[in-house]
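Comments concern the structure below.
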Amino acid sequence: MSQPPFRPFETHLDLETTLSHLRAATQGADDGELFLERRRAEVLSFDDGRLRTASYDASEGFGLRAVRGETSGYAHASDISEPALARAVATARLAVGDGGGTMAPPPKPSKMQLYTDADPVSGTGFGLKVDLLREIDAFTRALDPRVVQVSATLAAALQEVVILRPDGQHLGDTRPMARLNISVIVEHEGRRESGSTGGGGRVLLDGVIAPEIWQDQAREALRIALVNLEAVPAPAGVMDVVLGPGWPGILLHEAVGHGLEGDFNRKGSSAFAGLLGKQVAAKGVTVLDDGTIPDRRGSLSIDDEGTPSSRNVLIEDGILVGFMQDRQNARLMGVEPTGNGRRQSYAHPPMPRMTNTYMLGGSAEPGDMVADLKDGIYAVGFGGGQVDITNGKFVFSCTEAYRVQDGKIGAPVKGATLIGDGPTALGQVRAIGNDMQLDPGMGTCGKAGQSVPVGVGQPSLLIGGLTVGGAG
């Protein structure tokens with residue numbers, strides 16, 4: 001059964017008393033807020049023919065922040081009460097010292113609502129969820145006799161936030177999330193390989209458990225597993241690479257996106273620091289971070305400081321034109337906040353983070369891009385990766401990739417990794433496809449110990465001269 005809406009100033013705190021504590025914490029500061037949160041999440045995992053885990057988590061708490069210059073004082077508690085808030089004031093004030101700051105203007109009001117405020121956790125009965133996972137298992141096994149194991153995970157969450165500022169501005173957002181993951185292991189003549197898919201967004205469970213959705217996911221997971229069953233060892237060397245559309249944008253997110261976050265550039269630790277207004281990518285490359293796309297996993301009606309999300313152009317036709325900003329970095333850099341102040345929970349201070357980061361499409365036909373490869377790799381699926389923000393160097397493993405020779409797609413390859421650096425890779429983009437896609441809704445981004453949901457996307461890309469790590 002759904003709970004009543006999160007209204008902490010009716011159930012936990014007196015608004016005027018809370019406001020007096022917040023003003024005491026931020027007197028003489030440049031910025032600050034009280035962030036209150038209630039969160040519920042449920043995860044069910046079905047594996048090897050049985051329900052393996054069923055977890056439910058509920059939490060609530062507050063985070064109190066005071067900002068002076070480059071210093072932030074932050075205190076948090078899982079007890080939303082006046083005594084806990086009073087204790088937090090002294091900690092937050094440590095950043096303010098003797099004061100002397102000028103309070104930044106509040107976020108501009110917004111009525112933007114990008115997703116439903118209904119509850120995905122309680123909207124579907126527990127028994128129905130278990131029956132669905134059992135049906136997914138049976139359906140997927142029946143698709144091919146080589147299927148030996150099926151894993152399916154159904155997750156739903158509801159985050160409710162309220163933000164109070166020292167001037168009395170009072171903001172709120174209710175954020176649903178639902179996701180379904182399916183993994184398949186196949187076996188043939190003693191060889192085992194796997195394939196997986198996932199998808200979801202800021203939707204109710206109906207948006208991920210409709211039969212036409214999960215059946216397509218099951219078929220796709222099986223297809224990837226069967227492709228990998230035929231894979232041969234990947235070649236190694238410097239070669240041209242065509243990246244597929246959609247989820248391969250995770251490479252863009254990691255190798256380029258983090259380097260365009262405001263804090264790294266203010267501190268000079270990004271590979272893009274000092275390059276604003278300069279050519280940092282091939283002509284035709286336009287990269288955006290857009291938190292305003294309805295129902296997307298990375299979208300936010302307001303960020304975790306109360307700033308409305310926006311569609312921010314970061315690179316335009318190869319020119320670096322902007323960074324992603326929270327309120328503190330925007331003020332220190334003399335620019336406007338961009339709606340990218342995000343935090344994992346009430347226990348974490350906000351920082352500049354991506355929302356939905358993607359590259360706009362071009363005019364090239366994807367088939368022509370592959371036909372132009374003399375000897376290279378066509379990579380359409382990615383797994384884990386690593387990136388060094390200071391120089392943009394990345395290493396990504398491919399979960400689905402093919403050898404291309406003389407413009408012909410050949411055998412799938414196993415064990416391929418792509419190695420390079422973001423700025424160089426952007427400069428070596430030779431063709432941009434007309435098939436831009438966003439990912440199916442499965443990205444989670446980590447930074448400074450905090451994880452937040454994000455989206456990625458791109459068209460097919462032909463990139464020259466990437467290093468491919470493999471077995472040969």
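Not measured: the values here are computed from a predicted model. Here, residue 1 is the first one in the sequence, and each next residue gets the next number.
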Inset, instruction - Any chance you could lay out the side-chain contact (heavy atoms from CB on, under 4.5 Å) test for I463 and L418, step after step, and finish with the verdict? - result: CA-CA 11 Å; I463 303 177; L418 300 185; over 6 Å; no
Inset, instruction - Output yes when a side-chain donor or acceptor of W247 lies under 3.5 Å from a complementary backbone atom of F382, and no otherwise. - result: yes
Residues 267-274 side chain polar contacts: donor-acceptor under 3.5 Å, at least two apart:
{"unit_1": "S269", "atom_1": "OG", "unit_2": "F264", "atom_2": "O", "d": "3.3"}
{"unit_1": "S270", "atom_1": "OG", "unit_2": "G259", "atom_2": "O", "d": "2.6"}
{"unit_1": "S270", "atom_1": "OG", "unit_2": "F272", "atom_2": "N", "d": "2.9"}

Legend entry - Distance-minimising heavy-atom pair for V241 and L373: N-CD2, 4.3 Å
Inset, instruction - Report yes or no: does T286 contribute a side-chain atom to a donor-acceptor pair with the main-chain N or O of D317 at less than 3.5 Å? - result: yes
Legend entry - Donor-acceptor pair, side chain of Y115 and main chain of R297, under 3.5 angstrom: no
Legend entry - Proximity of H12 and F62 rings by center, below 6.0 Å: no
Legend entry - Point-to-point distance, once rounded to the nearest 0.5 Å, from CD1 of I319 to CD of Q279: 4.0 Å
Inset, instruction - Using the side-chain hydrogen bond (donor to acceptor under 3.5 Å, both in side chains) rule, take N434 and E365 through it: C-alpha gap first, then chi angles, then the decisive distance, then the call. - result: CA-CA 6 Å; N434 59 11; E365 291 290 339; 3.1 Å; yes
Inset, instruction - Measure the spacing between CG of L44 and OG1 of T53 and express it to the nearest 0.5 Å. - result: 7.0 Å
Inset, instruction - Give a yes or no answer on whether the side chain of T417 reaches the backbone of G469 with a donor-acceptor pair at less than 3.5 Å. - result: yes
Inset, instruction - Return yes when atom CD of Q169 has more than 12 non-hydrogen atoms of other residues, nucleotides or ligands closer than 6.0 Å, and no otherwise. - result: yes
Inset, instruction - Taking all heavy atoms of S309 and all of G291, pick out the closest pair and write down the distance. - result: CB-O, 3.6 Å
Inset, instruction - List the steps and the verdict of side-chain contact (heavy atoms from CB on, under 4.5 Å) for V184 and I224. - result: CA-CA 9 Å; V184 177; I224 296 170; over 6 Å; no
Inset, instruction - Flag the pair V162 / F9 as yes when at least one side-chain heavy-atom distance between them is below 4.5 Å, and no otherwise. - result: yes
Inset, instruction - Please answer whether the main-chain N or O of T355 pairs with a side-chain N or O of D289 as donor and acceptor at a distance below 3.5 Å. - result: yes
Legend entry - side chain to side chain donor-acceptor pair (under 3.5 Å) partner of E305, the single match among R65, R165, R342: R65
Legend entry - Partners passing salt bridge (Lys or Arg N to Asp or Glu O under 4.0 Å) against D30 (at least two apart in sequence or in another chain): R68, R331
Inset, instruction - Any chance you could measure S59, atom OG, to R39, atom CZ, to the nearest 0.5 Å? - result: 6.0 Å
Run the side-chain donor-acceptor check on residues 445-456: report pairs under 3.5 Å with partners two or more places apart or on a different chain.
{"unit_1": "K447", "atom_1": "NZ", "unit_2": "E261", "atom_2": "OE1", "d": "3.0"}
{"unit_1": "K447", "atom_1": "NZ", "unit_2": "D263", "atom_2": "OD1", "d": "3.1"}
{"unit_1": "K447", "atom_1": "NZ", "unit_2": "D263", "atom_2": "OD2", "d": "2.9"}
{"unit_1": "K447", "atom_1": "NZ", "unit_2": "P352", "atom_2": "O", "d": "2.8"}
{"unit_1": "Q450", "atom_1": "OE1", "unit_2": "Q344", "atom_2": "N", "d": "2.8"}
{"unit_1": "Q450", "atom_1": "NE2", "unit_2": "P349", "atom_2": "O", "d": "3.0"}

Which donor-acceptor pairs under 3.5 Å do the side chains of residues 101-108 make with protein atoms, sequence neighbours left out?
none

Legend entry - Other residues, nucleotides, ligands: >12 heavy atoms within 6.0 Å of E60 CD: yes
Legend entry - P166 and L22, any side-chain heavy atoms less than 4.5 Å apart: yes
Legend entry - Over all atoms of both residues, closest heavy-atom pair of I136 and A152: CG2-CB, 4.1 Å
Legend entry - side chain to side chain contact (heavy atoms under 4.5 Å, CB included) partner of N340, the single match among D303, L300, N312: N312
Inset, instruction - List the atom of S299, the atom of N356, and the distance in Å for their closest heavy-atom pair. - result: OG-ND2, 2.9 Å
Inset, instruction - Kindly say whether A66 contributes a backbone atom to a donor-acceptor pair with the side chain of R93 at under 3.5 angstrom? - result: no
Legend entry - S183 side chain to S196 backbone, donor-acceptor under 3.5 Å: no
Legend entry - G244 backbone acceptor or donor facing Q458 side chain under 3.5 Å: yes
Inset, instruction - Determine, for R327 against E33, whether the closest basic-nitrogen to carboxylate-oxygen distance falls under 4.0 angstrom. - result: no
Inset, instruction - Locate the shortest heavy-atom distance separating S345 from F35; write the atom from each residue and the value. - result: C-CE2, 4.2 Å
Inset, instruction - Please tell me if the side chains of T18 and L85 come closer than 4.5 Å, counting only heavy atoms from C-beta onward. - result: yes
Inset, instruction - Could you please spell out the steps behind the side-chain contact (heavy atoms from CB on, under 4.5 Å) verdict for V285 and M359? - result: CA-CA 7 Å; V285 172; M359 183 186 297; 3.8 Å; yes
Legend entry - Minimum heavy-atom distance S45-T153, with the two atoms named: OG-OG1, 3.2 Å
Inset, instruction - Taking the side chain as every heavy atom from C-beta outward, state whether K129 and L205 have any pair of such atoms under 4.5 Å apart. - result: yes
Inset, instruction - With the side chain counted from C-beta on, respond yes when I213 and L180 share a heavy-atom pair under 4.5 Å apart, and no when they do not. - result: no
Legend entry - Residue pairs passing the salt bridge (charged side-chain N to carboxylate O under 4.0 Å, His left out) test where at least one lies in residues 454-469, sequence neighbours excluded: none
Legend entry - Check: S460/D435 side-chain N/O donor and acceptor closer than 3.5 Å: yes
Inset, instruction - Check each of R38, R40, R7 against E160 using the salt bridge (Lys or Arg N to Asp or Glu O under 4.0 Å) test, and report the only one that passes. - result: R38
Legend entry - Backbone of G465 reached by a side-chain donor or acceptor of D240 within 3.5 Å: yes
Legend entry - Separation between CG of D304 and CG of D326, rounded to the nearest 0.5 Å: 10.5 Å
Inset, instruction - For Q217 and R219, indicate whether the former's side chain and the latter's backbone hold a donor-acceptor pair under 3.5 Å. - result: no
Legend entry - Partners passing ring pair (Phe, Tyr, Trp, His ring centres under 6.0 Å) against W214 (at least two apart in sequence or in another chain): F139
Inset, instruction - Kindly indicate whether the side chain of T116, heavy atoms from C-beta on, has any atom under 4.5 Å from the side chain of L204. - result: yes
Legend entry - Between CE on residue M324 and NE2 on residue H258, distance to nearest 0.5 Å: 8.5 Å
Inset, instruction - Just do the side-chain contact (heavy atoms from CB on, under 4.5 Å) check on L13 and L36 with the steps written out, would you? - result: CA-CA 11 Å; L13 300 168; L36 302 113; 3.9 Å; yes
Inset, instruction - State whether E37 and R175 are salt-bridged, where the test is any N-O pair (Lys NZ or Arg NE/NH1/NH2 against Asp/Glu carboxylate O) under 4.0 Å. - result: no
Legend entry - Heavy-atom check, side chain of L320 versus side chain of L260, under 4.5 Å: yes
Legend entry - Close side-chain approach of L466 and F394, heavy atoms under 4.5 Å: yes
Legend entry - Salt-bridge contact D372-R430 (side-chain N to carboxylate O under 4.0 Å): no
Legend entry - Reported CD1-to-NZ distance for the pair I419 and K393, which is rounded to 0.5 angstrom: 11.0 Å
Inset, instruction - Salt-bridge test for R296 and D439: reply yes if a basic N is under 4.0 Å from a carboxylate O, no otherwise. - result: yes
